[in-house]
Amino acid sequence: QEWQNPFATWDPRDFCNISEIVLPMDTYWSPPVFILERVNGQNPELNYMVLMHNGSFNSTRPFQVTLTCSLIILKFPFDTQTCNLSIASFLYPAVTDFVMKTRRTPAEMMKDSQSFFLTDGEWKFTNLSFIEYTEIMDDKGFSVVTYVISMERRPTLYILNLILPTCALYLLDMAVLFGPSSLEEKINFQIAIILGSSMLAVILNNSLPTSSNKPPIIGTH
């Protein structure tokens, strides 16, 4: 965060050429912002800010939070999800008191985010953009910045554990159904196919998220 305070300025030549100092966050006013989609998380212990001689404040505070995100898993496991991270403050009206602006371009934020994002997890970070707008509440406008995060699921594990075994079971089912084996053998094999499909359905049910309005295609067939 960066902001200006015209009442916190000084001439470095009058103070031994000191051009910046480090102060606690409660020493001066700081922007009261919070994350709208936040469920829980850990507040930062770094409660300090840097004050420049020209009245410019700079505060870097790392947050670790858990967010709510609507999932659309119809194309699972080849789905791409988009989650929002909205930063806002509903204490000061945007028109007269408090306006938030992003300092960096989407390309710069994308480059920095890729360097911090884990590359060996289930999700692949694909894009980051932001939207600056004014939220109207009780006939007042409040400044909001929403970061739009796009992530693509890595499907390799699900292909090996779910899709390929399912396809193999149904191919065997078709081969036995139209094969020259006896009726008793076909019935026994069909029962084995049903049991195998049931086990795969249980595994699939434990693997899929439950916060989607529509089930995945692989779960409906």
Side-chain angles (χ1 to χ4, degrees), residues 33-44 61-88 100 102-135 143-175 177 190 192-221:
V33 298
F34 57 92
I35 301 175
L36 300 183
E37 296 87 358
R38 175 174 177 172
V39 177
N40 55 39
Q42 181 179 358
N43 292 327
R61 309 177 68 193
F63 283 88
Q64 183 179 3
V65 297
T66 301
L67 307 176
T68 59
C69 183
S70 299
L71 298 180
I72 302 176
I73 60 173
L74 183 63
K75 298 181 180 180
F76 174 89
F78 307 100
D79 54 326
T80 299
Q81 304 296 336
T82 301
C83 296
N84 294 337
L85 191 152
S86 302
I87 301 177
M100 291 192 299
T102 54
R103 182 181 59 183
R104 293 177 295 176
T105 63
E108 293 174 341
M109 291 189 296
M110 179 71 179
K111 182 178 179 180
D112 291 341
S113 300
Q114 286 178 333
S115 63
F116 289 108
F117 195 81
L118 295 177
T119 58
D120 57 348
E122 180 182 357
W123 296 95
K124 178 182 179 182
F125 183 76
T126 57
N127 191 31
L128 175 65
S129 60
F130 63 87
I131 304 172
E132 299 174 351
Y133 62 98
T134 300
E135 181 76 19
S143 181
V144 181
V145 176
T146 298
Y147 294 90
V148 182
I149 304 169
S150 298
M151 295 180 294
E152 180 181 353
R153 192 191 304 269
R154 289 187 172 92
T156 305
L157 180 64
Y158 297 99
I159 292 176
L160 296 177
N161 292 340
L162 294 176
I163 296 180
L164 290 182
T166 303
C167 293
L169 284 176
Y170 284 112
L171 288 176
L172 288 174
D173 185 19
M174 295 177 61
L177 182 63
Q190 288 292 332
I193 290 292
I194 294 175
L195 292 177
S197 300
S198 301
M199 291 298 299
L200 284 177
V202 172
I203 297 174
L204 180 63
N205 184 57
N206 295 332
S207 302
L208 291 178
T210 58
S211 58
S212 178
N213 294 328
K214 295 182 180 180
I217 295 178
I218 189 176
T220 56
H221 292 279

Any side-chain to backbone donor/acceptor pair from S150 onto T126? Under 3.5 Å, distance only. no
Does the E122 side chain pair with the main chain of R154, one donor and one acceptor, at a distance under 3.5 Å? no
Checking side-chain contact (heavy atoms from CB on, under 4.5 Å) for the pair I73/Q81: CA distance, chi angles, key distance, verdict? CA-CA 8 Å; I73 60 173; Q81 304 296 336; 4.1 Å; yes
Run the side-chain contact (heavy atoms from CB on, under 4.5 Å) test on W123 and E152 for me, step by step, so that the C-alpha distance in whole Å, both residues' side-chain angles and the decisive distance to 0.1 Å come before the verdict. CA-CA 6 Å; W123 296 95; E152 180 181 353; 5.8 Å; no
Can you tell me how far [atom2] of [Y] sits from [atom1] of [X], rounded to the nearest 0.5 angstrom?
{"X": "E37", "Y": "Y147", "atom1": "CD", "atom2": "OH", "answer": "12.5 Å"}
{"X": "L36", "Y": "N84", "atom1": "CG", "atom2": "CG", "answer": "10.0 Å"}
{"X": "L128", "Y": "M151", "atom1": "CG", "atom2": "CE", "answer": "11.0 Å"}
{"X": "T134", "Y": "M100", "atom1": "OG1", "atom2": "CE", "answer": "9.5 Å"}
{"X": "N127", "Y": "M109", "atom1": "CG", "atom2": "CE", "answer": "10.0 Å"}

Pick out which of T146, V148, T102, I149 makes a side-chain contact (heavy atoms from CB on, under 4.5 Å) with F130. T102
Sequence-distant partners of F78, ring-ring contact (aromatic ring centres under 6.0 Å, His included), two or more places apart: none
Not counting sequence neighbours, which residues clear side-chain contact (heavy atoms from CB on, under 4.5 Å) with L160? List them please. T156, L164
Within the structure provided, determine whether L157 and P77 are in side-chain contact (heavy-atom separation under 4.5 Å). no
Within-4.5 Å side-chain heavy-atom neighbours: I35 and L85: yes
